[in-house]
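Letters A, B, ... mirror the listed sequences (proteins, then strands); counts begin at 1.
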Number of protein chains: 2
Amino acid sequence: MDSVGSVEELGRRDRKKLETRAALAEAALRLVAERGLAGVTVEDIAEAADVSSRTFFNYFPSKEDALLVAPADVETAWPKSLASAPAGLTALQALRLVLRGQAECMEQRAEEVRLRIKVIEENPSLLPRLVSGGFANERALAAAVAERIGPERAAGGYPELLSAVGLAAFRVAMLRWSRTKGSVPMTDLLDDAFDRLAAGLPEP
Amino acid sequence: MDSVGSVEELGRRDRKKLETRAALAEAALRLVAERGLAGVTVEDIAEAADVSSRTFFNYFPSKEDALLVAPADVETAWPKSLASAPAGLTALQALRLVLRGQAECMEQRAEEVRLRIKVIEENPSLLPRLVSGGFANERALAAAVAERIGPERAAGGYPELLSAVGLAAFRVAMLRWSRTKGSVPMTDLLDDAFDRLAAGLPEP
DNA sequence: GAGCAAAGTTTCATGCTCTGAAAGCAGGTG
DNA sequence: CACCTGCTTTCAGAGCATGAAACTTTGCTC
């Protein structure tokens, strides 16, 4: 899925593909939220989206993946975003900026995001896969950090450490946000976490 | 598996159970290292351990779990270890001490650990499950941190942040260690990561 | 030791997940 | 319109995972 090109510019075929994909993802999320992961089969999801179950697998490699579509696109977006952050910022500050952007984006789709988090928390077997996608992000981010600070300073494992730790902080902020039902903006929680990181994690 | 009680004290039945379990885990690791995850079926593993495939599932809920038996016991050991760390230490210092202990323990079984890491890196679909176990650890650790610093300072999400970030640092150090084939002790890499955390992640 | 109960293993049956292949259908193109 | 490409469907099949019932081993008791 390219980041350029709106839905209207595509032919009927590609539009139908997007529709089918969205219908499958939506059906999966809705059904699993209702009945739990084990209570929903791929056939149920395909049925609800009005396609064959074989078609489901043309879009998603597994049932779980249909529930976790969102994290996919960030894998390319974050590194790009990190590269275009102001040059004056340290890598830590730049990463914070990128993740703030993501937080804002997620708050606009708060309902969907919260539903997804709910589904994940109710079906712990999904957690792995969520973090797995996060792992691919981590590598991509580490590469972008290395690019940013230059090869000689990148040796020694700083990029890997920074992206691993930064994403961990993001995840904690996100889960904290989902617990406080919208009373605190995710960006505030993220800022809090990054302030602590930058201060060396002093005890409160 | 209790920490008390050696193998000799158990009856024949329990000894056989341990043997079977170990044989299955060993066969799984060996076969997957040779042929890759997709090239090995549960039946292959059961065959190699000379039991029926149904018996395999009496020991492990899935093929993947047979490859990741080790991380299971740390879930209770780390919180205990954290609680018994010297009272003078900050939570960050105590966590560092606990993870150093784990690193030392892993270096004693370096061959096995490296083989396991190799298998995981070659089969990324395992990563999820590994991190899943890690997630349970994270919660247990967060609870132990909260216990350590007291309820009023635990509000505000510090325990969750510290354990998430600390484990991320540990994971990075471990992977870095597995890449440098034993030339650098894992404890050194861990110290490096925690020094950076305590200093607020300054760019190198 | 003989017998008994508990626990573990095996076999059998079953449902779901996921993949490959071949045939059919629709969209885009000359 | 005719054709080609690409997506969907149907069909077939391997592997994963679980439940139930029969069988074997173990450990204990008398």
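Distance NZ (A:K63) to C1' (C:dG15): 12 Å, rounded to an integer number of Å. Spacing between atom CZ of A:F57 and atom C1' of D:dC16 amounts to 13 Å, rounded to whole angstrom units. Protein atom CZ of A:F60 is 15 Å distant from nucleotide atom P of C:dT17, rounded to whole Å. One can place CG of A:L24 at 14 Å from C1' of D:dT9, the figure rounded to the nearest angstrom. Between the P atom of D:dT8 and the CG atom of A:L18 lies a distance of 11 Å, rounded to the nearest Å.
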request  = Could you run through nucleotides 5-12 of chain C and give me one letter per nucleotide, 5' to 3': B if any protein heavy atom sits under 4.0 Å from the base, S if only the sugar-phosphate is that close, - if neither?
outcome  = -BSSBBB-
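We find that B:R15 and B:E19 are not joined by a salt bridge, their nearest charged nitrogen and carboxylate oxygen being 4.0 Å or further apart. Between B:R171 and A:E138, at least one side-chain nitrogen of the basic residue sits less than 4.0 Å from a carboxylate oxygen of the acidic one, meeting the salt-bridge criterion. Ion pairing between A:E203 and B:R153 holds under the 4.0 Å rule for side-chain N and carboxylate O.
In this structure, A:R21 and A:F60 have side chains that are in contact, with non-hydrogen atoms separated by less than 4.5 Å.
Listed for the A:E107 side chain is a donor-acceptor partner under 3.5 Å among the backbone atoms of A:M186.
In terms of heavy atoms, B:L126 sits closest to B:L68 at O-CD1, 4.2 Å.
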